[in-house]
Structures are given as C-alpha cells and as structure tokens.
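Working notes, beginning with the structure itself.
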Amino acid sequence: MALTLGMITFDTTDPGPLAKWWAKQTAGTVEQENDGWFYVVALPDSAQKLAFQKVEDPTPGKNRIHLDLASEDLDGEVRRLSADGATEVAQHEMGGFRWVTLTDPDGNQFCVSGPHT
C-alpha cells in the first residue's frame, strides 16, 4: 500500500482571502467554501489541490512544509508576486540554480525558481 497526495493544507486565521490569493497566483479556482472555515483551490491541469483551514492560532515560526514553484521567468514572477502582496525573504543560488524564498500575505513561506531541469 502507498500513500497518495490528497492536498496541501494551510492553517490560517482567515482562510477566504488566503485561498483567493493562492487561486489568483496559480490560476486556480476556489471550488469549495465550507462555511468560511475550509476552502479548497483546484489547480489548473492538475489533480492537486490546495486547502486552507481556519484555526484559532496557527503554529508560530517557520512552516515545516512549503511549496516549491517554478517559472520560466523567475525575476518577473517574483516582481509579480511581490506587487500582489507576497514578501521577498531571500534570494539563493547553488550550482547555477537560482530560487527566491517569499511569504504569502499570511506569512507562509514558499519558493520560486527557474525551470527544474
């Protein structure tokens, strides 16, 4: 028996705006809004989903799981995300591979890189 990925879930005190922000960033669709406490975002051309659940007090500090996203235009994508409410944390390079760590409007860290080859 093997596990399969159901969805990636974010804890947040205000799931609606965060779900809508991630839907916009990924060209996804908010497909479920469960009484304001649990939202599901369907990602385009994928069976993968992002979920956002309301909690009273999210775990403080750096999140232990984060999204690694890729773009053909790393710098342009970082500018777009920043203009739309993301905050740049750090830029990295290792062996010619570049990526940028950002946070979404709720403080969740994620990374954006150039294409994975």
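Everything numeric in this text was worked out from a predicted model, so none of it was measured.
L18 is listed as a side-chain neighbour of N108, based on a closest heavy-atom distance under 4.5 Å.
A pairwise comparison of heavy atoms in F110 and A86 identifies CZ-CB, 4.2 Å as the closest pair. Across every non-hydrogen atom of P115 and S71, the tightest pair is CD-O, 3.3 Å. A19 and V41 make their closest contact through O-CG2, 3.5 Å (heavy atoms, listed as atom of the first residue, atom of the second, distance). For the residue pair Y39 and P15, the shortest heavy atom distance occurs at CD1-CB, 3.7 Å. Of all heavy-atom pairs spanning A70 and G114, the tightest one is CB-O, 3.8 Å.
Among residues two or more places apart in sequence or in another chain, the side-chain hydrogen bond (donor to acceptor under 3.5 Å, both in side chains) test is passed with T103 by none. Scored by the side chain to side chain contact (heavy atoms under 4.5 Å, CB included) test, K49 finds M7, E31, V40, A42 as partners (sequence neighbours excluded). Partners of E33 by side-chain hydrogen bond (donor to acceptor under 3.5 Å, both in side chains), not counting sequence neighbours: none found. Partners of H92 under the ring-ring contact (aromatic ring centres under 6.0 Å, His included) rule, at least two apart in sequence or in another chain, are W99. Residues meeting the salt bridge (charged side-chain N to carboxylate O under 4.0 Å, His left out) test with D14, sequence neighbours left out: none. Residues meeting the salt bridge (charged side-chain N to carboxylate O under 4.0 Å, His left out) test with K24, sequence neighbours left out: D84. With sequence neighbours excluded, the residues satisfying salt bridge (charged side-chain N to carboxylate O under 4.0 Å, His left out) with D75 are R98. Residues satisfying the side-chain hydrogen bond (donor to acceptor under 3.5 Å, both in side chains) criterion with Q48, sequence neighbours excluded, are absent altogether. By the ring-ring contact (aromatic ring centres under 6.0 Å, His included) test, F10 pairs with W22, F52, sequence neighbours left out. When the side-chain hydrogen bond (donor to acceptor under 3.5 Å, both in side chains) test is applied to S113, the partners found at least two apart in sequence or on another chain are H116.
F38 and W21 are assigned to two separate hydrophobic clusters, defined by single-linkage of ILVMFWY side chains at heavy-atom distances under 4.5 Å.
Side-chain atoms of D104 come within 3.5 Å of backbone atoms of D106 as a donor-acceptor pair (strictly under, hydrogens ignored).
Considering CD of Q25 and CG of L67, their distance stands at 12.0 Å, rounded to 0.5 Å. Between atom CD of residue Q53 and atom OG1 of residue T13 there is a gap of 12.5 Å, rounded to the nearest 0.5 Å. Between the CD atom in Q91 and the CG atom in L102 there is a gap of 9.0 Å [rounded to 0.5 Å].
The list of ring pair (Phe, Tyr, Trp, His ring centres under 6.0 Å) pairs with a residue in residues 64-83, not counting sequence neighbours, is empty. A salt bridge (charged side-chain N to carboxylate O under 4.0 Å, His left out) check over residues 86-96, counting only residues at least two apart or in different chains, returns nothing.
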